[in-house]
Amino acid sequence: MNQEQVREITYAQAVAEAIDEEMARDENVVLIGEDVGIIGGNFKATVGLRDKYGDWRVKDTPISESGIIGLGVGMAITGMRPVVEIMFSDFIALGMDQIANQAAKIRYMSGGQVKVPLTIRAAMGGGRSSAAQHSQSLHAWVAHVPGLKVALPSTAAELKGLLKTAIRDDNPVVFMEHKVEYNKKFPVPEGEYTIPFGKANVVREGDRLTIVATSNMVLKSLEAADKLGKEGIHVEVIDLRTLVPLDKQTMIGSVKKTGRLLIVDEGHLSFGAGAEIGMGIMEDVFYDLDFPMMRLGTEDCPIPFSPALEFPIIPDAKKIYEKAKMMAKR
Amino acid sequence: MNQEQVREITYAQAVAEAIDEEMARDENVVLIGEDVGIIGGNFKATVGLRDKYGDWRVKDTPISESGIIGLGVGMAITGMRPVVEIMFSDFIALGMDQIANQAAKIRYMSGGQVKVPLTIRAAMGGGRSSAAQHSQSLHAWVAHVPGLKVALPSTAAELKGLLKTAIRDDNPVVFMEHKVEYNKKFPVPEGEYTIPFGKANVVREGDRLTIVATSNMVLKSLEAADKLGKEGIHVEVIDLRTLVPLDKQTMIGSVKKTGRLLIVDEGHLSFGAGAEIGMGIMEDVFYDLDFPMMRLGTEDCPIPFSPALEFPIIPDAKKIYEKAKMMAKR
Amino acid sequence: MSAQKRSSKKKGTSDGNRYEEDFLKNLYATMYRIRQFEEQVFELYKLGLMPGLAHSYIGEEAVATGACAALQDRDYIVSTHRGHGHLIARGADTKKMMAEVLGKKDGYCKGKAGSMHIVALDKGILGANGIVGGGIPIATGAAYMAKYKDTKQVTVSFLGESATNEGTFHESLNMASAWDLPVVYVVENNRYGISVALDRVTKMQDIAVRAQAYGIGGVTIDGNDVLKVYETVKEAVASAREGQGPALIECKTYRFKGHHVGDPATQYRTREEEAFWKERCPLVCFRDYLIEKAGSDEKGIVALENAINDEIQEAIVFAKNSPYPDAVEAFEDIYFEGR
Amino acid sequence: MSAQKRSSKKKGTSDGNRYEEDFLKNLYATMYRIRQFEEQVFELYKLGLMPGLAHSYIGEEAVATGACAALQDRDYIVSTHRGHGHLIARGADTKKMMAEVLGKKDGYCKGKAGSMHIVALDKGILGANGIVGGGIPIATGAAYMAKYKDTKQVTVSFLGESATNEGTFHESLNMASAWDLPVVYVVENNRYGISVALDRVTKMQDIAVRAQAYGIGGVTIDGNDVLKVYETVKEAVASAREGQGPALIECKTYRFKGHHVGDPATQYRTREEEAFWKERCPLVCFRDYLIEKAGSDEKGIVALENAINDEIQEAIVFAKNSPYPDAVEAFEDIYFEGR
Ligand SMILES: Cc1ncc(C[n+]2csc(CCOP(=O)(O)OP(=O)(O)O)c2C)c(N)n1
Ligand SMILES: Cc1ncc(C[n+]2csc(CCOP(=O)(O)OP(=O)(O)O)c2C)c(N)n1
Ligand SMILES: [Mg+2]
Ligand SMILES: [Mg+2]
């Protein structure tokens with residue numbers, strides 16, 4: 001990415017820009033979802049697209065998650081590149097059959113006759129007092145289903161490049177946007193660029209500990225790493241970008257260097273994506289580990305409404321800092 | 001369990017017996033599901049119950065997975081103890097909202113006002129040429145949702161005791177029965193007994209390696225362990241019984257003794273339950289490990305129909321034997 | 001079985017019936033309490049005192065009020081994301097509600113629920129629900145229980161018109177009708193699901209038509225006429241209680257505010273439409289009716305209103321004074337451990 | 001808009017129309033091909049040569065045959081778990097189908113699909129589906145594509161009567177009707193979903209009634225009358241192609257065998273009911289019609305039948321001779337890698 005550009009846009013604007021560019025490029029790209037049209041999305045991430053592309057390409061749908069994902073599957077296997085928005089990622093629970101049993105498997109079941117270039121965008125994560133049914137980070141579910149790809153962009157620049165890749169990918173991609181990021185501004189390069197799937201991003205180099213993080217936890221990890229850096233503890237931070245495909249090589253290289261691995265992912269800790277990140281490279285790094293691999297994740301309780309309860313259960317820079325410091329000590 | 005009893009019944013009969021005993025004991029127990037009544041279930045696991053308890057207690061439902069799980073939630077929070085059958089566990093995908101967003105969370109969201117004594121039974125697993133949409137093992141999804149308990153019985157005796165515990169539990173339990181077991185006979189004790197959740201079962205003792213397995217993989221692991229035993233390699237086999245609650249202590253104790261851990265679970269390998277089993281005890285056993293923890297699971301591809309493709313991708317006794325032997329060598 | 005449509009009256013009130021003044025005043029008090037509660041929630045939001053969001057029931061008070069007035073104490077209701085009105089109409093304690101909305105320890109759910117998930121089991125309130133359509137099968141399950149145990153309880157399931165496009169609506173109504181379950185589905189047709197007008201995503205504009213697919217009674221009524229709602233729901237509830245199965249009642253109404261407290265509602269509907277409905281404000285209309293037709297004196301009504309204003313102010317004080325829950329409480333109530 | 005019901009005729013055939021003999025014979029050939037294919041699948045199952053299970057279409061041949069005859073080459077169909085008949089009627093190669101059913105390398109899907117998931121994109125067959133109701137929104141999406149691109153293609157979505165109780169049915173029909181999508185839903189009402197008779201789980205026995213909820217055309221017809229199916233679907237397809245939106249066509253029919261090849265179907269239905277329907281066998285009736293009304297000579301028909309018998313035998317030989325796929329092929333076709 002061109003470092004000279006200092007243009008700043010929000011994460012939400014990056015969504016709209018990525019979709020806009022892809023729609024301009026390919027008339028097969030359409031956007032459907034609840035409230036994506038007239039008001040430009042519940043999170044204002046698709047503002048302006050309906051005005052530009054019209055009602056049939058930017059379609060406000062009924063509240064029918066299963067139906068609209070299935071609609072996307074049908075469009076995708078007949079030559080289009082639909083982008084389906086599921087307002088809150090918690091609602092993928094209503095469409096899991098179409099995601100996991102249909103979108104993910106139709107190509108395989110057909111023996112390769114069809115392809116499913118479908119992007120499912122959804123807003124994940126806690127931190128906005130949205131309570132138990134609007135705050136989850138359920139990417140572990142979809143990452144467990146062969147046939148799907150899963151992306152978790154951390155910043156607006158990452159989002160834009162990864163979303164364009166998702167839309168151009170000929171496979172179903174579940175694209176998890178973090179809801180606390182939408183209104184934040186980030187430097188984003190001008191012009192066209194894509195970011196390939198399956199290439200983790202080393203966002204900070206270090207030698208004492210590797211932190212592998214996803215989505216918003218990348219930013220929190222960087223905060224923690226900055227603080228540790230000031231104390232002379234240099235921590236490497238890796239933004240995983242995609243869970244599927246999973247870039248094991250970058251992680252393995254880093255852990256071989258640092259000997260220590262902390263995984264930070266916002267999904268519930270137990271049976272979460274972090275477990276795979278660790279076990280997935282276990283055999284490769286076992287003899288290089290100076291310390292047990294450790295994880296941070298959202299505690300194993302439904303997400304409570306009250307901020308007094310919610311913030312303590314989600315990993316933050318302080319918790320990451322403390323855990324990392326404990327691990328990095330010699 | 002009483003070892004003198006040699007009565008043999010099938011895994012399917014054990015289901016019916018457990019439900020029958022619980023229905024006789026508590027009129028709040030009802031069974032609902034597709035085809036559970038007149039024909040006694042697609043897998044013949046509820047034969048005879050409708051004749052005994054009538055149409056309102058053993059209810060054949062329409063094909064509405066989301067609706068019937070929701071029906072169960074409504075009954076459970078108003079004082080009943082419904083058992084909902086979801087014919088193939090793949091179909092939980094159609095009811096994930098009611099499972100994960102409703103059943104799992106209502107107690108918590110209510111601040112403890114309600115309880116949800118709901119049992120959701122479903123048939124998991126491959127091995128019957130049922131192809132991609134009827135062969136999955138999706139327990140990792142539900143294990144990732146706080147508020148649910150998750151049980152995976154290995155044998156008919158295990159099933160009976162665990163199912164009775166599930167029905168008596170005041171929390172939602174997802175109970176995964178393995179479809180290749182239904183027609184197999186197993187010794188099952190006469191009379192009433194229950195098996196507590198969260199207590200793993202050491203089904204074979206050994207010193208060279210610990211195998212932690214779930215469901216049908218327990219039986220395959222035992223087969224492998226028998227063969228290894230004949231070669232003088234004594235492998236400990238642990239039947240995990242429940243993923244939630246997870247009995248870490250038994251695993252930790254065993255791995256501290258053997259220094260090696262092989263996890264065998266039929267879910268897809270990546271982002272599967274096996275990852276948590278390993279990472280969940282990582283910190284506790286790290287310094288005792290002589291070898292990297294390893295996993296076997298179903299390969300990361302949708303389950304193919306042809307037996308020529310299906311059997312090679314699911315762990316079997318031979319693969320377990322080979323992996324275990326490789327790991328156990330000094 | 002076909003949808004009946006009530007000719008819309010300027011001052012949406014029925015007057016074919018005679019009721020005790022107390023009964024009528026109670027209806028008004030409930031509507032006024034809901035209005036006042038919601039106005040104050042909005043104030044708290046604007047002051048930044050409320051975490052998250054809330055969905056205002058202002059403009060729709062007659063639906064919850066009329067429907068809940070038709071229920072017995074042992075009956076159940078299942079609510080939605082827009083649940084404050086249902087809860088208040090069902091007799092929930094405004095103190096505990098307000099504390100919950102602010103995420104405080106003394107809230108109905110100890111701060112775990114917030115606006116969208118309040119349960120008040122002692123009042124037969126099985127829960128608001130953040131998942132559109134999520135409560136419909138749950139309500140139907142409660143009705144299955146009542147039928148199975150022959151308790152003669154009826155469940156009212158509130159839902160928005162847009163929720164009728166979720167699969168759970170269809171699956172639930174099919175079961176309820178096949179098995180004659182004692183449940184009444186009360187659809188609040190305020191024309192919008194967030195920003196999406198019903199006619200953009202659904203061909204038939206009267207949701208009551210959908211009842212025909214299940215062979216159950218379905219009527220479309222003026223949802224701003226509290227007596228009409230009361231009478232219609234009462235009849236359906238009585239029929240359900242007697243074992244005649246479910247019904248669908250569509251109440252045409254309007255939300256005066258945006259979808260939630262943060263939505264200005266400027267892009268997707270017209271000011272004319274808003275004005276049309278504000279003319280039909282259920283509170284103003286019924287207040288006029290009380291005075292003009294039912295012989296109530298305005299002083300008495302003002303006194304009632306003042307008392308309710310005080311009550312809501314007390315609720316705010318109560319909620320503000322209530323402490324936030326301790327962080328460790330996040331780990332309580334996940335599983336039921338006792339017996 | 002209300003459901004029309006066709007008075008049931010003993011020899012379920014229409015005769016109000018005149019068709020070319022070739023056309024009629026082709027219809028018969030298709031029905032006979034389906035029947036023969038299914039009989040042989042059953043034999044293979046009994047011999048233990050077929051992995052897994054298959055759902056026999058015997059008794060329902062007129063539905064697929066009549067419906068697919070009404071389509072153009074570029075149109076699409078979406079099928080179900082009981083899909084063999086739809087595929088054959090749509091012109092799928094019985095060799096490749098049989099090889100797929102046996103899990104062989106030369107099957108349509110290289111052995112990955114089996115009976116329940118066959119796709120034949122070259123024939124516009126977007127896929128059978130093992131999830132009841134799973135194909136309905138997919139068919140609707142194909143129709144969205146056609147509308148968006150103005151390709152004038154129509155999609156026929158086959159589904160069982162029990163599938164209409166899945167939420168996807170409701171969600172799909174709502175969207176298709178709201179947006180006038182070119183899709184025709186053909187419901188095969190064989191009265192049972194596995195063992196569950198429709199009247200035990202649904203109040204209205206005519207599924208066509210459900211069309212009213214969406215404001216679209218819905219008719220109930222004799223699904224064993226291939227010409228009636230053809231004519232009805234043809235009209236609906238033409239209307240959909242012209243942009244008039246979707247329709248629901250309910251075909252009353254019956255499966256002669258159990259739910260799948262392993263189900264004796266003894267517990268949940270009566271021998272009388274079976275006999276009643278066997279009397280109305282779509283093949284026998286249409287064969288009689290050809291000879292008695294359309295002037296075909298029996299010798300010609302027998303020759304046709306023999307040719308089809310041979311074709312199916314060849315398909316069996318082809319399938320048996322085809323090798324099983326290599327184990328490594330399990331890892332192919334998961335993702336599309338090329339461009
Ligand atoms: C399953 C699900 N999908 C989407 C949403 C987001 N959402 C919340 S309220 C709402 C609109 C609901 O409309 P309606 O049912 O008409 O009720 P109203 O808000 O008008 O009272 C939507 C789309 C949700 N909460 N749950
Ligand atoms: C979602 C889902 N639920 C349940 C099943 C199991 N199942 C397979 S076919 C079937 C009956 C379908 O009945 P219907 O739609 O009437 O079609 P028919 O079999 O009569 O042709 C059922 C319950 C399934 N495959 N998918
Ligand atoms: Mg609405
Ligand atoms: Mg059927």
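Bear in mind the structure is a predicted one, so any value in this text is a computation, not a measurement. Labels below follow one simple rule: chain letters A, B, ... track the order of the sequence lines, proteins then strands, and each chain is numbered from 1.
Of all heavy-atom pairs spanning Val201(C) and Asn174(D), the tightest one is O-ND2, 3.0 Å. Nearest heavy atom pair, residue Ala213(D) against residue Val209(C), reads CA-CG1, 4.3 Å. Across all their heavy atoms, Gln212(D) and Gln212(C) have their closest contact at OE1-OE1, 2.5 Å. Of all heavy-atom pairs between Tyr214(C) and Met204(D), the closest is C-CG, 3.9 Å.
Within 6.0 Å of CD in Glu235(D) there are 12 or fewer heavy atoms belonging to other residues, nucleotides or ligands. Surrounding NZ of Lys149(C) are more than 12 heavy atoms belonging to other residues, nucleotides or ligands, all under 6.0 Å away.
Along residues 163-171 of chain D, the residues that come nearer than 4.5 angstrom to chain C, judged on non-hydrogen atoms, are Thr164(D), Asn165(D), Glu166(D), Gly167(D), Phe169(D), His170(D), Glu171(D) in order of number.
Atom NZ of Lys203(C) and atom CH2 of Trp179(D) lie 12.5 Å apart (nearest 0.5 Å).
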